[in-house]
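Notes follow the structure.
If you're wondering where the values come from, they're calculated on a predicted model, not measured in any experiment.
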Amino acid sequence: MAISKGKVITVTSVKGGTGKTTTLLNLAGIYSLMGKKVLVVDFDLYTGAIAASLNVEITNDIYKLVDDLMNNRFDYIEKYVLSYSENIHVLASPKDPRYASKISSKYLKIILTRAAMKYDIVLVDTNHALDEKNLVTLDNSDEIVYVINNDPIDLKNMKTIVSIYKDLDKKNYKIVLNESFDKSRNYFNKYDIKNIIKDNIDYIIPSTFYIKNIDKYVLDAEILTLNKQIRNTHKKEIKNFENLAKNLLKEESKVKE
């Protein structure tokens, strides 16, 4: 009998300030509406923002999990996760960032493997550095989502990543252009962007999804795609998130209204 394994999806970027974490949380919201059991893993180990964004009190974290693995005290991954909602759980980055350097990259694969055995979806948040920890994470991801902005530096960096992936014949990634994060960033049209990065844009988060009072939602620890008012006023944009979420799973899951 085959053991069921969840999907590991890493959401990353090629520089900071692209709206990567917000995009990841929006996907978590969509998957929870699909009835999926979701674990959000914060591998942005030094400056992780998942627990803070969701107002989740850190009573356990990745460092504690790794320390228990190193000392043969690990029991089950659920012991280390924090609950945001019934369907969305969090594995937080170290509460004290000084412990981040003590986490060996060899344990990250173990964490993702254990998580995928217990959850339908494992959404991994990372920083944009191509260090050993992130490379291990990317190598152990079923799908990778790059969130980029309409910004010259962002596009040049994305071109480099595309070139590396083509050399490696790596195809399990999607490029998401986030136009909602900063509406003033409109230097290039879509044709220009495609020519610069030498690849297609798979999905666009349009400028119409710009939320003027987004700080209020962050302070209230609300995921945008779960907010009923936003779902009603931004139906087209929410549908786009749903299409991305389904495409990453390669299945036609129904979203509950």
Side-chain angles (χ1 to χ4, degrees), residues 1-14 20-21 23-25 27-28 31 36-51 56 58 60-82 84 88-147 161 164-174 245 248-250:
M1 181 177 176
I3 299 175
S4 178
K5 178 180 178 295
K7 181 85 73 171
V8 178
I9 301 170
T10 292
V11 181
T12 188
S13 60
V14 290
K20 162 184 63 68
T21 298
T23 300
L24 179 145
L25 292 177
L27 284 172
Y31 285 128
K36 304 291 186 182
K37 189 177 178 183
V38 181
L39 178 65
V40 178
V41 179
D42 196 345
F43 275 174
D44 193 348
L45 299 174
Y46 287 94
T47 58
I50 296 296
V56 175
I58 302 177
N60 249 328
D61 59 23
I62 290 173
Y63 173 73
K64 173 62 175 172
L65 189 160
V66 170
D67 187 59
D68 283 355
L69 279 171
M70 292 171 60
N71 293 284
N72 297 315
R73 294 190 299 260
F74 179 89
D75 293 321
Y76 47 89
I77 196 163
E78 292 95 331
K79 175 182 175 181
Y80 305 91
V81 304
L82 314 169
Y84 171 75
I88 301 176
H89 294 168
V90 174
L91 181 56
S93 60
K95 186 174 183 179
D96 186 335
R98 292 175 295 180
Y99 289 121
S101 61
K102 298 182 180 182
I103 297 174
S104 171
S105 59
K106 68 180 181 180
Y107 291 105
L108 304 187
K109 180 179 179 179
I110 297 173
I111 292 172
L112 295 178
T113 300
R114 296 293 182 94
M117 302 303 291
K118 296 293 183 178
Y119 288 86
D120 301 314
I121 306 292
V122 181
L123 283 171
V124 186
D125 193 22
T126 69
N127 59 45
H128 58 276
L130 276 182
D131 57 17
E132 183 180 1
K133 291 184 175 70
N134 280 346
L135 290 174
V136 168
T137 301
L138 296 175
D139 284 344
N140 288 279
S141 299
D142 297 303
E143 297 287 341
I144 304 166
V145 177
Y146 279 94
V147 182
I161 294 297
I164 292 171
Y165 279 6
K166 285 183 177 179
D167 286 345
L168 297 173
D169 197 30
K170 193 175 181 69
K171 299 176 181 178
N172 63 329
Y173 67 95
K174 298 282 187 296
L248 290 168
L249 296 186
K250 296 179 173 61

Does the side chain of [X] reach to within under 4.5 Å of the side chain of [Y], using non-hydrogen atoms?
| X | Y | answer |
| --- | --- | --- |
| Thr21 | Ile50 | yes |
| Asp139 | Val136 | no |
| Val90 | Asp42 | no |
| Leu45 | Pro94 | yes |
| Lys171 | Lys166 | no |
| Ile62 | Ile111 | yes |

Item to complete: I would like to know whether Asn172 and Asp142 meet side-chain hydrogen bond (donor to acceptor under 3.5 Å, both in side chains); could you show each step before the answer?
Response: CA-CA 7 Å; Asn172 63 329; Asp142 297 303; over 6 Å; no

Worksheet item: Looking at residues at least two apart in the chain, or sitting in another chain, which of them share a ring pair (Phe, Tyr, Trp, His ring centres under 6.0 Å) with Tyr99?
Response: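 Per chain and number, Tyr99 pairs via ring pair (Phe, Tyr, Trp, His ring centres under 6.0 Å) with Tyr63.
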
Worksheet entry | Residues Tyr173, Val145; criterion side chain to side chain contact (heavy atoms under 4.5 Å, CB included); working and verdict | CA-CA 6 Å; Tyr173 67 95; Val145 177; over 6 Å; no

Item to complete: Give me the one residue out of Leu39, Leu91, Val41, Val8 that meets side chain to side chain contact (heavy atoms under 4.5 Å, CB included) with Tyr119.
Response: Leu39

Item to complete: Could you point out which residue of Thr126, Leu24, Val122 forms a side chain to side chain contact (heavy atoms under 4.5 Å, CB included) with Thr10?
Response: Thr126

Got a salt bridge between [X] and [Y], using NZ or NE/NH1/NH2 to carboxylate O under 4.0 Å?
| X | Y | answer |
| --- | --- | --- |
| Lys36 | Asp120 | no |
| Asp67 | Lys102 | no |
| Asp131 | Lys133 | no |

Discussion item. I want to know whether His89 and Tyr84 have ring centres closer than 6.0 Å.
Written reply: no

Fill in: Closest non-hydrogen atom pair between Asp61 and Lys95, with its separation
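Shortest heavy-atom contact: OD2-N, 3.0 Å.
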
Worksheet item: Does one side chain, of Thr137 or Asn134, offer a donor that lies under 3.5 Å from an acceptor on the other?
Response: no

Worksheet entry | Stepwise side chain to side chain contact (heavy atoms under 4.5 Å, CB included) test for Lys118 and Val81 | CA-CA 11 Å; Lys118 296 293 183 178; Val81 304; over 6 Å; no

Fill in: Any residue meeting side-chain hydrogen bond (donor to acceptor under 3.5 Å, both in side chains) with Asn72, in chain and number order, not counting sequence neighbours
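Result, side-chain hydrogen bond (donor to acceptor under 3.5 Å, both in side chains) vs Asn72: none returned.
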
